[in-house]
Amino acid sequence: MSDLKLYRGINNIDDDLIEEADRRSRPVVHRFYAFAASAAALLITVGASGYFSGADIGKKTVFPDSGIVIEATTASGGDVTPVTTSAVSGGSTVTAAVSTAAQTAVNTRTTALQPVNNTITTALVTGKAAITGKVPAATTAAAGGRDIETGEPTVTGAPAKEDEYIIEGSTIMKKYAALFASLLTLSNAAAVNAQAGAQTFVPKNENLSVAMNAKTFIEKYDVDIDFNCDGKFDIFDVYAYYRAEIREADERYAAIPRCTVPDYIWEKYKAIPADTTLDYTYIDSETGEEKSYTEKKRLVHDDLLDYYFEYVAPPQPEFMDTNFYIDNCPDDYGDPMSYDIIRHDGDLLSMWDFQRTEFSITDDGENYRLVDRFVAENIPSENRDNMEYGLGHLRGVRKSLMHEFIKDVRRHAHYTGEDRAFVKQFIEDGRVDPDVNADGTFDMDDVGLTAFYANLRRNSEEYTYFYSLLYQTSVDYYSEHMTEINPTVSAEDWGRAYTLCDTLANYCDIDNEDIVQYLAEYYLTYNEADSKYFDPMYYVDKGYTYYRVMHGFQGRFFQTLGYYENFAIKYGPSAANNTIAAPEGYWFTQDEIDAAFPQYYKDVKTGVLPEPDIDLSGKIDAADYNLLFNLGYEAFTPYDTSYIGSMIRRHPELNIVLDVPEEVRENFNTNYDFNHNGISCDTLESDCMMMYILSELEAQYEEEKDMFKAMDDYYVAHRGAQYFEVFDNNMEKFYSDKGLEYTGYMGRYDTAPVTSYVETIKSYKSFPQNIGKLTEDNHVTGDSNCDGKVDLSDAILIMQAISNPDKYGTEGSDDKHLTRQGSLNGDVDKDTEGITSNDALMIQEYLIGKVSTLG
Amino acid sequence: MDDASIIKLLWERDEQAVEELKNSYETLCFYVAGNILSQKEDQEECVNSAYMDVWSSIPPNRPDNLKNYLCKLVKNCALDRQRYNTAAKRNKEFSVSLDELSECVSDGKSLEDRLSDEQLGKIISSFLRAQPEKYRKVFVRRYWYSESIEDIAAYFDMNANTVATYLFRIRKKLKAYLQKEGYIDE
């Protein structure tokens, strides 16, 4: 039986079982933790193995292009000679003035960083002992682990609790890790190489693993890949395989087959073994290691495309051109429509023509004509039949299989990153003209204008409808909008940008904003760029930065000028003369942060490290999170490639100094260097602390909305400490001083500050949370006051909560009231649900040894 | 509109039934398809195909539970579609759960090749009814609802490791059951 058959069987289980599983009920889990009386004797390791050990931390220094801005210092030996490049038309040369002055960070943090030592006494959460003096290293005894079959923990004694903290920390990390992942992505962004000297940007094949696996399959089963039997393996063999897949699908599902496949191809296709099990290898995208796994596999045409592009030949632009297949494919697939209606004029196929020729319709079953997709999909239901597989069953309409195959080719070509080369090729052989503003040269002004166009136009995904004949194209759009948006952009400029993007979009599986990226990278690789091009205000002055939020468009080019600045330094003509210098310790990979957190969590819970009480209030609350969040931005942003970073570096008047007490700032800058790299609250430390704070806040609030309200309340009461709000205010003044109308900076959403703050937090949540919900799996039985140990104070708190719930109950007013976590912990008498006096009694009996276990 | 009314419209061959079906269950259908297929286009095809299948099969069928009936159709289509998708197109979570189920089966021919999906469904239902409620629910949410382990843990307020352990145990039991009943080879 195959696993898929079993899956199908499961799909057909009885309805009542399906309904039952849809009803939420918490399966009862009983867990028992045995604690020795010496549970309070915490096992503490300091400076021993673990992530924060210091010298052998093994941390990599990685400076992603979407991360910090590096400084380029020209090597000794003189000025850099600008490289000139010819414009595509006219033959004039362009010489750009070189300006590589290092940007000075305007926000200098204190450099008098004190190494963290545990002689600092901090006000920790009530109930925990303050750490004073050096704590001698101790050995962590091996814990018992868990019984696989019963799932019950077999740990006894204090070491088990430390392992529980690690597990707890891992759970919390998985919950929050997505909060802190980079939000800024660029299409196959140039990887960073921290070494100095000339570097060549080499895109990586995102589907290398698939290609490798296809190769394994082909070799193991000795597959004859000359599917069309013409003596060679080329793109037409992959096309033949695709057509055979269509035939197979049609034989199973379609009333009328969409095409025919020659027998010589069909026989070869049927000979391919299916449902094989193979050992595959793949390249771990994070570590670059080669790893292996076993999977059941059937070869599909997508695999063959990856195989072809990796091992036979790189993708070629003609593979995206319908004329190429019409004129060169040696095999007949019995497509009902005449190819004459699909063939295009001109050397290159535009996206407009590609979309326009995708659908055809017949009235008599023989003669086909092109039909607009928008029209096709709106044929009244009485005129529909079950003719076309998957196209809403529209009568007489055919979707071109050639187009479908080309879409796959385009996508897989993009995976290789080689589609960048198409841009270079088309520009250099003159088939496209990137001189969008027609000033005789191709430079970043053209890129900026194209970006302006791209920001206003929909991306290629929506070309599906945008190119509908019912929605007229660029000229109408221009005349409808441009005079009010930017009268300096002429209809001709707009048309040239449209033509450029329309053509490139067909050959690169990317949207207009990605095309802008490709153009910029191409320009910066071969030309020195004036630094003015990396100043967002340059484009504001040109009127290019009109931001209309439409389907998420935010003008990515103008937000990511820092990335291009970095790109120019590393890959531009002067790269060989640039020494790349970057500040230490600000950025860590997500893997490093994820790996660090469980240990950090354990170290804090066991008192090795102080809790992240940033505001020195003696407790963990919303203020700590808020301060960490905002002070972190204040510290890092001047070094990063964000829009705000770019603006601050070039316009020091925008520098942000948050209104926080000096002692809080000092605390942030000095007391949280857990990894001993000389920087307190670097990104790894900050992220760990923020995750810790969030997990603590979860336990404090019964409802998620209450936690957010607390965050909101702090935000409103401390607006001067809110990084983005302060920047927004600074920008408003900056614009006003320049006599410009300010409508918000890039990336800012038009919501009230409080709401936007909460939404910012919420927007980071990429998966459902159970804030405030508790599990029985992560608690200390009997520990009603949540101080990590079971003693008489736990019993007392239970009695207080019962006798005076207004003050000590879960909604009580006292600071030390019973929390939800505490009530769960304290509910040790399973004969009665919830906190009762029996729980207090049982805890006392346990303490005196009358009962050996709790719960 | 409630299910009974929709079924009534289907029996009357009123095309409004399909619109009502969409209004009631489109989101769910895409959710079910999305748990198996990552490409929006594929999901749309499967959901549309399921609507057609409902139209074609009711009458003569008159399902007791229209929601589950429709979801099963969507899933079957998605499973067929998934078969042809490459790793790049697949929903990774679905691939992982499929790999888990492979532990329950083995290669080689046996009687179960002649079993229909419906018959196998009955057999598995019988097995599940003999299991503790908590295990049963976790199993169904994982392999019928195609949820991730993390989502199941959140749904039932459990620890993710516990969910994984439950699934591990019940798969072992299912394998033993299928072997004992002769549906797969030893």
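The chains referred to below are lettered A, B, ... by the order of the sequence lines, with proteins before strands, and numbering in each begins at 1.
Here A:Asp14 pairs with B:Arg129 in a salt bridge; the nearest charged N to carboxylate O distance falls below 4.0 Å. Look at B:Arg136 and A:Glu20 and you find a salt bridge, because one of the NZ, NE, NH1 or NH2 atoms lies within 4.0 Å of a carboxylate O, short of that distance.
In this structure, CD1 on A:Ile13 lies 12.5 Å from OG on B:Ser126, to the nearest 0.5 angstrom.
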Residues A:Asn11, B:Asn76; criterion side chain to side chain contact (heavy atoms under 4.5 Å, CB included); working and verdict: CA-CA 8 Å; A:Asn11 193 34; B:Asn76 279 332; 3.0 Å; yes
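In terms of heavy-atom proximity, B:Ser146 sits nearest to A:Tyr7 at OG-OH, 2.8 Å. Listed here is the closest heavy atom pair of B:Tyr145 and A:Ala21: CE1-CB, 4.1 Å. Between A:Ile10 and B:Trp144 the shortest heavy-atom distance is O-CD1, 3.2 Å.
Here the side chains of B:Lys137 and A:Leu17 are not in contact, with every heavy-atom distance at 4.5 Å or above. B:Ile124 is listed as a side-chain neighbour of A:Leu6, based on a closest heavy-atom distance under 4.5 Å.
At a heavy-atom separation below 4.5 angstrom, chain A is approached by B:Asn65, B:Lys67, B:Asn68, B:Lys72 within residues 62-73 of chain B.
There is no contact between B:Tyr51 and chain A, counting heavy-atom distances below 4.5 Å.
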